[in-house]
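Notes follow the structure.
Throughout, numbering of the chain's residues begins at 1 and tracks the sequence. As the structure lists them, so they are numbered: ligands from 1, and atoms in each ligand from 1.
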Amino acid sequence: MSNNRVLDTVIVGAGFAGMYSLHKQLSDGFNAEIFEKADDVGGTWYWNKYPGARCDIESMDYSYSFSEELQQEWNWKEKYGTQPELLKYARFVSKKFNLREKINFKTTIIKASFINKKWKIETDNNIIIECKYLVLATGNLSTPNTPKIKGISNFKGKIYHTGAWPKEMPVFKDRKVGIIGTGSSGVQSIPIISETAEKLFVFQRTANFSLPARHHKLPEDKRENYKKDYKKYRDLAKNSSFGIAKYQPPTKSAFDVSDDERNDIYERAWREGGQAMLFAFTDLLTNEEANKTAADFVRNKIKKIVRDKETAEKLCPNDHPIGTKRLCLDSNYFETYNKENVSLIDISNHPIQEITDNGLITNNIEYSFDDLVFATGFDAMTGAVNAIEILNEKNISLKSIWSNGPKTYLGIMVSEFPNLFMITGPQSPGVKSQMILSIEQHVDFIHNLIIHKRNNKYYQVNANKNKQEEWVNHNNEVANATLYPLAHSWYNGDNIAGKTRNFMPYVGGVANYKNICDEKIKNNYEGFEFL
Ligand code: FAD
Ligand code: NAP
């Protein structure tokens, strides 16, 4: 593709959001291209190649619904798709819809300035593009966070981050490995690394709740039956709170049933696998006592699984209500701590003091290993957007406006940044949902907005500042009526040193959110200003 050019739309990122956005744009005759830092499509599923990486929402749900042909043609092999399968799926989509020729790989967008009613976009390889619309499909979990720990450059072994895993799988056989982090990435990779490593040291700052995934191959008949009724399942998902067909809103409080009944319900959910337990009662995420019933159930399970009492105790989460951090799903995570070659090191009261040539020091003890894995997460939700210097007409950067936390209208636009759109941005339900469903809903909404603008010959759309303020306040009110803010998590920006604490996702549910968006359209795109 040529260097400098003029386009209708620049889309940043070739994950599921960017690809669907490009497809919509091309289908409606816009001159659009994607710019992607990686050398392939897939986004999350390109970068997170760590051992054990797979989705934690069943693949029959966690997949595109926009094309009936695609959803009938693609055959998921496993209940929860593996990273290689998801990457293959992303590539398949990019070929099926002829997207690749419109994707500029190995190109990072570094700057975007709104000048003379157009966006001027600059890349790291000196391409300059002028365009009407800028769509940020940069991902919520795409900026890996490596904590700044003293001595890191001294380490003589190999260092990996789960969110930027090398293409060639490292061999841990007969090696001593240290891993920092016990979020979803740690919980998935620890059991697999422990299968071959001679020794695995797990450095845990906070114990996390995890439920069994009960993963298995997907039986062909089950898959085909699901496909026959795909529309029904997709509709159920759209009308749910989390975007998953089988988890419909509960109707009873945890205290509407006896202790025995409640325990049976939790036991069935535990055996079934997945997040079912969290959807058992209406008040699990709003009432601490109700939540404790589920948390105690899981803590008891951990104590039954892990043989060493001290280790079991350390693995029991006690600092946050269950479900208020992203709930992990695992395959034999707690069982892994029964293995001779695995040691759990609780660093909750003893932060890592230093990384040394051969390992790390905590609590004045040095642990030696050959390889160090950071499963330390991401600068979530704002990291990738803030990494681009985005300047509005007054030459004010989005990063500076967001310095005390992000503010958006519907998670889609930011006031005073016209013609700039975000897919599943802060204050949208994106990360609190089956994300592909939210991505599709956002892309459709943005696309309608652009088409409305084109049809009416407007040159600019902007989010109204007061409406944005109202939306942010509503977002906070909804969050504050739940237990979510009680947890220290990336939802609040707590995991990044110096980041202002702000609860970022919309937790009112995808169905409510979609209704709100549909209302805005009905009310003549309420909150959007057209010029
Ligand atoms: P991404 O997939 O993150 O893609 C963003 C792309 O933008 C990346 O390829 C990145 O390289 C590119 N990019 C960013 N900045 C720039 C720039 N300046 N210039 C050029 N390119 C840029 N969600 C679920 O719903 N269910 C799951 O089971 C699930 N599992 C997950 C497992 C892992 C390990 C992780 C990390 C996340 C998971 N998620 C899950 C969330 C997941 O991120 C989303 O489901 C979805 O894949 C996001 O797609 P996206 O296109 O919005 O962003
Ligand atoms: P994460 O949930 O943010 O977990 C990071 C872990 O690293 C936490 O245990 C954290 O401890 C620890 N940590 C961070 N900095 C540290 C430091 N300086 N010293 C010691 N420990 C430190 O990140 P993640 O596991 O990569 O997951 C992020 C999100 O991606 C998930 O919540 C989920 O949405 C998605 N994901 C999904 C799956 C899946 O199953 N499909 C898999 C991976 C990721 P603290 O808790 O104390 O901060």
Side-chain angles (χ1 to χ4, degrees), residues 11-21 34-38 40-50 52-59 61-62 80-81 83 86 90 104-112 123-124 136-149 161-163 165 179-189 203-208 210 213 242-244 317 319-320 325-330 347-348 351-352 362 374-378 380 383-385 387-388 423-424 430-439 442 487-491 494-497:
I11 300 164
V12 192
F16 288 133
M19 286 202 296
Y20 180 48
S21 188
I34 288 182
F35 293 79
E36 166 58 59
K37 153 188 330 185
D40 207 340
V41 296
T44 288
W45 305 104
Y46 172 93
W47 295 107
N48 291 265
K49 296 185 170 82
Y50 61 83
R54 60 170 77 244
C55 51
D56 61 3
I57 291 176
E58 295 182 33
S59 295
D61 278 284
Y62 185 68
Y80 300 101
Q83 175 274 328
L86 281 150
N104 304 264
F105 291 112
K106 294 199 236 172
T107 309
T108 301
I109 300 297
I110 54 171
K111 189 170 178 182
T123 73
D124 65 338
L136 299 179
T138 45
N140 284 295
L141 296 159
S142 54
T143 310
N145 163 47
T146 303
K148 290 180 183 58
I149 302 174
H161 192 293
T162 49
W165 203 258
I179 182 164
I180 304 173
T182 51
S184 302
S185 304
V187 162
Q188 285 189 329
S189 54
F203 298 95
Q204 174 190 272
R205 186 165 69 180
T206 313
N208 232 328
S210 184
F242 203 68
I244 301 177
D319 79 319
H320 63 282
K325 280 184 165 193
R326 167 74 180 221
L327 195 57
C328 303
L329 286 196
D330 69 275
I347 58 168
S348 54
I352 297 165
T362 163
F374 283 95
T376 44
F378 302 88
V385 174
I388 306 172
I423 302 172
T424 66
V431 297
K432 289 301 304 161
S433 69
Q434 190 281 80
M435 281 206 76
I436 302 182
L437 180 146
S438 286
I439 283 169
H442 275 216
H488 288 271
S489 75
W490 58 259
Y491 294 149
D494 290 322
N495 63 327
I496 301 294

Protein contact of [atom] - nearest heavy atom, named by residue and atom, plus distance:
| atom | answer |
| --- | --- |
| atom 30 (O) of ligand 2 | Leu141 CD1, 3.5 Å |
| atom 4 (O) of ligand 1 | Gly43 CA, 3.5 Å |
| atom 49 (O) of ligand 1 | Ile439 CD1, 3.7 Å |
| atom 14 (C) of ligand 1 | Thr138 O, 3.5 Å |
| atom 23 (N) of ligand 1 | Tyr62 CE1, 3.7 Å |
| atom 34 (C) of ligand 1 | Tyr50 OH, 3.5 Å |
| atom 45 (P) of ligand 2 | Thr206 OG1, 3.4 Å |
| atom 28 (C) of ligand 2 | Trp490 NE1, 3.7 Å |
| atom 52 (O) of ligand 1 | Ala17 CB, 3.5 Å |
| atom 19 (N) of ligand 1 | Ile109 N, 2.9 Å |
| atom 53 (O) of ligand 1 | Gly139 CA, 3.2 Å |

Before signing off on this row, confirm whether [X] and ligand 1 have an N or O atom pair separated by under 3.5 Å.
| X | result |
| --- | --- |
| Thr424 | no |
| Val12 | no |
| Thr108 | no |
| Ile436 | no |
| Asp56 | yes |
| Lys37 | yes |

Show me which atoms of ligand 1 lie under 4.0 Å from any heavy atom of [X].
| X | answer |
| --- | --- |
| Gln434 | 25 (O) |
| Phe378 | 36 (C) |
| Ala137 | 5 (C), 6 (C), 7 (O) |
| Cys55 | 27 (C), 28 (O) |
| Ser142 | 3 (O) |

Name the option, out of [options], that contains the heavy atom nearest to [atom].
| atom | options | value |
| --- | --- | --- |
| atom 48 (O) of ligand 2 | Gln204, Arg205, Gln83 | Arg205 |
| atom 8 (C) of ligand 1 | Met19, Lys111, Glu36, Glu58 | Glu36 |
| atom 27 (O) of ligand 2 | Ser489, Ser185, Gly81 | Ser185 |
| atom 25 (O) of ligand 1 | Met435, Lys432, Gln83 | Met435 |
| atom 21 (N) of ligand 2 | Ile180, Thr44, Thr162 | Ile180 |
| atom 43 (O) of ligand 1 | Leu86, Thr44, Ile110 | Thr44 |

Review point. Would you call Lys325 a ligand 2 contact, heavy-atom distance under 4.0 Å?
Key: yes
Review point. Has Tyr62 got any heavy atom lying under 4.0 angstrom from an atom of ligand 2?
Key: no
Quick check against the 3.5 Å criterion: does [X] have a side-chain atom that pairs as donor or acceptor with the backbone of [Y]?
| X | Y | value |
| --- | --- | --- |
| Thr376 | Gly181 | no |
| Asp124 | Ile110 | no |
| Glu36 | Phe105 | no |

Would you mind telling me if ligand 2 is within reach of the side chain of [X], the backbone, both or neither, using heavy atoms under 4.0 Å?
| X | value |
| --- | --- |
| Ser184 | both |
| Tyr50 | side chain |
| Phe378 | side chain |
| Ala375 | backbone |

Review point. Does ligand 1 have a heavy atom under 4.0 Å from the side chain of Phe105, from its backbone, from both, or from neither?
Key: neither
Work out whether the distance between some heavy atom of [X] and some atom of ligand 1 is less than 4.0 Å.
| X | value |
| --- | --- |
| Ala387 | no |
| Phe16 | yes |
| Ser433 | yes |

**Study point:** Where ligand 2 meets Gly181 - atom numbers and elements under 4.0 angstrom, heavy-atom basis
**Key:** 6 (C), 7 (O), 9 (O), 12 (C)
Revision key, fill the gap. Taken to the nearest 0.5 Å, the spacing of Ile423 CD1 from His442 NE2 works out to 9.0 Å
Exercise for review: Kindly assign one of parallel, tilted or perpendicular to the pair Tyr62 and Phe16, based on the angle between their ring planes and the thresholds 30° and 60°.
Suggested key: perpendicular
